[in-house]
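Below is one structure, written out as structure tokens; the observations come after it.
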Amino acid sequence: MKIAFVASEITPFAKTGGLADVAAALPRTLHQMGHDLRVFMPLYSTIREKHFELHPVTDLQQMQLMLGDQIFQFSVSSSLLPGSSLIIYLIDCPELYARKGLYTTDADEHRRFILLQRAALEALRVMQFAPDILHCNDWHTALLPLLLKTSYQREPLFRTTKTVLTIHNIGYQGIFAASGMLDLGITNVIGHIRSEDRHNGQINWLKEGIYQADAVSTVSATYAREICEASGGYGLDPTLRARNDEIIGILNGVNYDSWNPEIDTTLPARYSAKDLSGKAKCKLALLELGQLELLLDRPVVGIVSRLAHQKGIDLLMGSMPTLLRSRNFFLCVLGSGDAQYVEFFNQLMHDFPERVYFHNGYDEHLAHLIEAGSDMFLMPSLYEPCGLNQMYSLKYGTVPIVRKTGGLADSVQMWDGTKGTGIVFNDYDAPAVNWAINTALDLFKQPAVWQQIIRNGMKQDFSWEKQATEYQRVYEQLTQ
Ligand code: ADP
Ligand code: GLC
């Protein structure tokens with residue numbers, strides 16, 4: 001099939017979270033399966049700084065787009081996705097993408113992603129690529145279905161193109177002033193948007209995408225159900241329910257070329273389920289890095305996370321100080337995000353200098369070392385569309401402690417004495433997370449049991465080949 005895929009971040013070019021992992025691995029796997037893809041993302045200035053090999057694409061240089069009353073110039077460069085023969089097309093527009101981070105709170109934020117979407121369609125036109133499927137991801141690309149149905153309605157290339165919108169996180173919707181919609185270049189654009197969708201002069205891009213896309217999917221079966229309810233829909237549940245098809249839930253996969261302790265070259269030692277001795281070396285390296293006591297028999301609880309409300313750090317603010325006082329374990333945390341959570345972990349490290357290590361920042365190497373060097377991995381999320389780290393943890397023999405929500409519920413099974421891969425708690429409150437951490441710490445003291453849980457986890461297979469086949473099925477159903 002011919003597939004166009006557009007996303008705001010793709011690893012290793014640019015990443016703030018799991019979207020980048022998925023937007024690299026899914027197209028890569030579909031490409032391996034024999035599909036013909038054109039994949040687009042912005043050429044952020046941070047990508048240039050990382051010195052990827054970029055090749056200007058002939059015919060796609062110094063193109064012009066009129067956004068509102070301003071002309072923007074963009075060019076397209078290509079680069080191979082590392083570890084693959086798939087080409088990624090990067091939209092270069094320094095005026096919009098030469099900023100400090102991938103996302104901003106600048107007044108022209110909407111323009112940055114309107115340009116991405118319009119430039120991708122223009123590039124497809126120049127390439128004369130007629131996609132069977134246009135796959136959009138999150139709010140940054142959620143206006144593509146509307147563009148196809150309006151400005152590009154008469155474009156023969158897109159006549160039979162079907163659109164899929166994957167929601168990676170419904171907590172982020174892209175809400176901008178309606179006036180910004182003029183930048184889409186659609187004649188009478190406001191006339192195309194239902195009056196009930198124009199709230200206080202604002203337009204919700206994700207909502208518009210849900211309304212316009214031919215199919216809507218999300219990244220786990222449980223999250224697909226949760227977002228259709230008022231408690232999980234962040235206001236978009238009525239829009240999702242109003243569709244006359246089901247919201248498709250497909251669990252993300254894991255790129256085991258990058259996340260596999262047997263071949264992970266970022267680690268001080270490699271290991272497998274048969275021989276876990278390398279894991280102990282990784283634990284020592286982590287403890288040393290954190291300037292913690294080098295005690296192998298004391299468990300390490302690891303966290304790698306965006307420090308955002310979604311991730312359940314509020315729960316830990318209530319329970320972690322008491323737990324650290326009453327139980328004997330190390331806590332190793334890597335994360336960046338909201339100031340209040342950064343302050344909380346800094347304070348915790350200050351209060352328990354021999355037991356807690358916190359690195360505030362974004363660090364891929366350390367993320368791998370925490371996965372490998374920890375004994376348990378904590379994800380107490382308020383909500384979690386899929387979550388990748390719990391699946392990485394399973395592969396790294398690091399027992400996940402997760403709340404039963406979204407993809408966490410679909411990928412970790414509670415240990416029941418013989419079966420199960422982790423510790424799962426239900427309620428979003430301090431007693432529940434306390435129970436879960438205490439249970440894990442108690443089980444750790446029983447080596448035979450602990451080994452069994454580790455082995456059950458390491459046997460799990462979340463490879464992308466299986467998951468990409470599910471997407472293929474969706475594409476086939478749409479284009480039949
Ligand atoms: P989300 O996309 O909501 O952040 P996921 O679990 O799907 O959650 O994906 C998070 C991804 O980002 C994982 O690959 C994780 O290792 C990575 N990550 C998160 N925070 C950091 C950080 N501070 N440093 C390095 N990697 C991080
Ligand atoms: C989002 C979600 C996360 C998911 C990721 C990739 O950022 O928060 O749960 O794994 O997208 O789909």
(request) Before giving the answer on side-chain contact (heavy atoms from CB on, under 4.5 Å), spell out for Phe5 and Asn137 the whole-Å C-alpha distance, their side-chain angles and the decisive distance to 0.1 Å. (result) CA-CA 8 Å; Phe5 191 98; Asn137 295 277; 3.3 Å; yes
(request) Let me know which of Leu102, Ile91, Leu90 forms a side-chain contact (heavy atoms from CB on, under 4.5 Å) with Met41. (result)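 For Met41, the side-chain contact (heavy atoms from CB on, under 4.5 Å) check succeeds only for Leu90.
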N/O donor-acceptor pairs under 3.5 Å from side chains in residues 423-437, not counting sequence neighbours:
unit_1 : atom_1 : unit_2 : atom_2 : d
Asp429 : OD1    : Ala432 : N      : 3.0
Asn434 : ND2    : Ala430 : O      : 3.3
Trp435 : NE1    : Thr439 : OG1    : 3.4

Centroid separation [X] to [Y] less than 6.0 Å:
X	Y	value
Trp259	Phe462	no
Phe52	Phe13	yes
Phe113	Trp205	no
Tyr471	His135	yes

(message) By the side-chain hydrogen bond (donor to acceptor under 3.5 Å, both in side chains) test, which pairs, at least two apart or in different chains, include something from residues 2-26?
(response) Ser8-Tyr103, Ser8-His140, Glu9-Thr16, Glu9-Tyr103, Lys15-Asp21, Asp21-Tyr392
(request) To the nearest 0.5 angstrom, please state how far the CG atom of Leu26 sits from the CG atom of Leu37. (result)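 Atom-to-atom, Leu26:CG and Leu37:CG are 8.5 Å apart.
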Quick one: list whatever passes salt bridge (Lys or Arg N to Asp or Glu O under 4.0 Å) with [X], sequence neighbours left out.
X	answer
Asp314	none
Glu53	none
Lys419	Asp416

For a quick test of your reading: what N or O donor-acceptor pairs under 3.5 Å do the side chains of residues 345-353 make, sequence neighbours left out?
unit_1 : atom_1 : unit_2 : atom_2 : d
Asn346 : ND2    : Val342 : O      : 3.4
Gln347 : NE2    : Asp351 : OD1    : 3.1

When you measure from the side chain of [X] to the backbone N and O of [Y], does any donor-acceptor pair fall under 3.5 Å?
X	Y	answer
Lys279	Ala269	no
Arg243	Asp214	yes
Thr141	Cys136	no
Gln173	Tyr234	yes
Gln117	Leu144	yes
Ser220	Pro385	yes

Considering all heavy atoms, the nearest [X]-[Y] contact:
X	Y	value
Leu165	Ala213	CB-CB, 3.8 Å
Ala20	Ala14	CB-O, 3.4 Å
Lys283	Val300	CE-CG2, 3.7 Å
Pro268	Ala285	CG-CB, 3.7 Å
Gly233	Ile170	O-CD1, 3.9 Å
Asp275	Ser277	OD1-OG, 2.7 Å

Pair [X]-[Y], side-chain donor/acceptor within less than 3.5 Å:
X	Y	value
Gln452	Asn456	yes
Ser85	His31	yes
Thr405	Ser381	no
His309	Asp338	no
Gln390	Ser411	yes
Thr104	Glu109	yes
Lys459	Thr421	no
Tyr383	Asn169	yes
Gln467	Asn252	no
Glu465	Thr29	no
Tyr396	Asp264	yes
Arg473	Gln477	no
Ser336	Asn360	no

(request) Would you check, one step at a time, whether the test side-chain contact (heavy atoms from CB on, under 4.5 Å) holds for Asp92 with Arg48? (result) CA-CA 10 Å; Asp92 189 15; Arg48 283 205 190 281; 2.7 Å; yes
(message) Less than 6.0 angstrom from the centroid, inside 45 degrees of the normal: does Arg112 satisfy that with respect to the ring of Tyr97?
(response)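 Pair Arg112/Tyr97 does not count as cation-pi.
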(message) Under a 4.0 Å threshold between the charged nitrogen and the carboxylate oxygen, would Glu293 count as salt-bridged to Arg355?
(response)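 Between Glu293 and Arg355 there is no salt bridge, as every charged N stays at least 4.0 Å from the carboxylate O atoms.
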(request) Begin from the C-alpha positions of Leu366 and Leu289 and carry the test side-chain contact (heavy atoms from CB on, under 4.5 Å) through to its verdict. (result) CA-CA 10 Å; Leu366 184 53; Leu289 181 75; 3.4 Å; yes
(request) Take Arg298 and Phe444 through the test side-chain contact (heavy atoms from CB on, under 4.5 Å) and record every step on the way to the result. (result) CA-CA 9 Å; Arg298 187 189 283 173; Phe444 181 81; over 6 Å; no
(message) If you count heavy atoms of other groups shown closer than 6.0 angstrom to CD of Gln32, is the number above 12?
(response) yes
